[in-house]
K.L.:
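Have a look at this one.
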Amino acid sequence: MNKLKIIRNFCTNIKNETSKPLIDNIYKNILKDNFKTVEIKDCKNNRGLFYNPIESPTQTLSVINPKTNKPNIIFKEEPFISYPSIIKSNENICNHCLKEIKKKEEIKECEECKVCKYCSSECKEKSSIEYHSVLCKSTGSGFNYLEKHASIEKRRFPLLAGKILARMIMGYHLEKSSKSTWQPLQMLSFAKKPPPLEWKDDYLIFSRSLLKGMSESMKKKFDYDWFVRVMQILYLNTIGIDIDPNQQTTKMSSPESGIGLYLLTSFINHDCDPNAYIHFPDDHTMHLSPLKPINPGDEITISYTDTTKDLVDRRSQLFENYGFNCECKKCLNDLLIKKNK
């Protein structure tokens, strides 16, 4: 997610005017059909997501849809990658969409590895096309060793890095390009901080599990520098996934949550008094809904922290997790009240 001026920047060295058409095209691929509702624009926080309903350019979006009497949806987005909780049991969880499989007879199993389970043939096929064909144990992949490491160390990002690797390989195989994989990832913010020592341990297991048997050129492509960049992107942009059909406000994730990386959603900036919230009513598909009426041209914001906490706790958590001092209107107003006491 876009966090602050210090750590936010393009993950690309191409920043001049000649690169604008390329960047605009990547944004178009990230937006997909959502270009009818929102747009990515420059703002005081570098980049943000703005409400721009092309079909109703003067209409304010209400919180509740009067036709359905349910929260309006600004847009929905499937994750680039996701992974279930590494703390809770995943025995009856779809390995792709993270939805609970309530009946054993509904389970669709990978015929090759007999490990991955899916709630439907559609999820099974999507998984195979996007990443499982690379990570399946039957292909010689050691992803299961990476999973054991992540479970013991309670670190989920290496697993997501493994899925990103798989998506990139499948992209090269199916599309002969990185147009839908590495290119959009380079548009996301990343944590500009020295990699912690445990990332070296993570990469050691990562490379032994997933790079074994690859050509030298592929190993160079997915070297430690690549791994660090991916981890830096994940550090700022992942979202906790808690499937709850009844959620109607901001909800903070926990270590027990699933986790996902959402390309378009990563452009939504923070505010301690946000006008929108994310929720997962069905599966890992993210729904973005308004908390208050949103006018065309308004920037869409969500909260990265618990807005019920006081100024000091909010700012401390935001700085610790995302590296910035929040200067939203609520924080500045709370600061003024604090000074006047």
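Values below: all heavy atoms of this structure, side chains included; hydrogens, waters and symmetry mates excluded. Predicted model only: the values in this text are computed from it and were never measured.
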K.L.:
When you compare the side chain of D244 with that of K251, does any pair of heavy atoms fall below 4.5 Å?
P.N.:
yes

K.L.:
Does the side chain of N144 reach to within under 4.5 Å of the side chain of V115, using non-hydrogen atoms?
P.N.:
no

K.L.:
Report yes if some heavy atom in the side chain of I302 is under 4.5 Å from a heavy atom in the side chain of Y277; otherwise report no.
P.N.:
no

K.L.:
Before we go on, tell me: are the rings of F206 and F227 under 6.0 Å apart, centre to centre?
P.N.:
yes

K.L.:
Tell me whether the rings of F222 and Y172 are parallel (<30°), tilted (30 to 60°) or perpendicular (>60°).
P.N.:
tilted

K.L.:
Does the side chain of L291 reach to within under 4.5 Å of the side chain of V63, using non-hydrogen atoms?
P.N.:
no

K.L.:
Per the side-chain hydrogen bond (donor to acceptor under 3.5 Å, both in side chains) rule, which among D306, D334, T307, T305 passes with R314?
P.N.:
D334

K.L.:
When clusters are formed from ILVMFWY side-chain contacts under 4.5 Å, directly or step by step, what else is grouped with I337?
P.N.:
none

K.L.:
Could you tell me which non-hydrogen atom of I93 sits nearest to which non-hydrogen atom of P84, and how far apart they are?
P.N.:
CG2-CB, 4.3 Å

K.L.:
Hey, are the side chains of K36 and E55 touching, using non-hydrogen atoms and a 4.5 Å cut-off?
P.N.:
yes

K.L.:
Would you please classify the geometry between the Y27 ring and the F267 ring as parallel, tilted or perpendicular, with 30° and 60° separating the classes?
P.N.:
perpendicular

K.L.:
Quick one: side chain to side chain contact (heavy atoms under 4.5 Å, CB included) partners of D271, sequence neighbours excluded?
P.N.:
D273, T301, C328

K.L.:
Check the orientation of Y262 and F280. Use parallel for under 30°, tilted for 30 to 60°, and perpendicular for over 60°.
P.N.:
tilted

K.L.:
Show your reasoning for whether side-chain contact (heavy atoms from CB on, under 4.5 Å) applies to D242 and S253.
P.N.:
CA-CA 7 Å; D242 291 292; S253 61; 3.9 Å; yes

K.L.:
For S85 and I87, which heavy atoms make the closest approach, and how far apart are they?
P.N.:
OG-N, 3.0 Å

K.L.:
Quick one: are the ring centres of Y322 and Y235 less than 6.0 Å apart?
P.N.:
no

K.L.:
Quick check: are there more than 12 heavy atoms from other residues, nucleotides or ligands sitting under 6.0 Å from CG of L197?
P.N.:
no

K.L.:
Just checking E106: does its CD atom have more than 12 heavy atoms from other residues, nucleotides or ligands closer to it than 6.0 angstrom?
P.N.:
yes

K.L.:
Centres of the H96 and H284 rings: under 6.0 Å?
P.N.:
yes

K.L.:
Taking the basic N atoms (NZ, or NE/NH1/NH2) and the acidic carboxylate oxygens, is any pair closer than 4.0 Å for K124 and E109?
P.N.:
no

K.L.:
Dump the intermediate steps for salt bridge (Lys or Arg N to Asp or Glu O under 4.0 Å) on K103 and E105, then the final yes or no.
P.N.:
CA-CA 5 Å; K103 297 180 180 179; E105 56 267 26; 5.0 Å; no

K.L.:
Report yes if the side chains of L185 and L261 come closer than 4.5 Å at any heavy-atom pair, otherwise no.
P.N.:
yes

K.L.:
With a 4.5 Å heavy-atom cut-off, do L263 and E77 have their side chains touching?
P.N.:
yes

K.L.:
Can you sort out the partners of F157 under ring-ring contact (aromatic ring centres under 6.0 Å, His included), two or more places apart, ordered by chain and number?
P.N.:
none

K.L.:
Of S141, S127, S138, S128, which is the lone residue that meets side-chain hydrogen bond (donor to acceptor under 3.5 Å, both in side chains) with S133?
P.N.:
S128

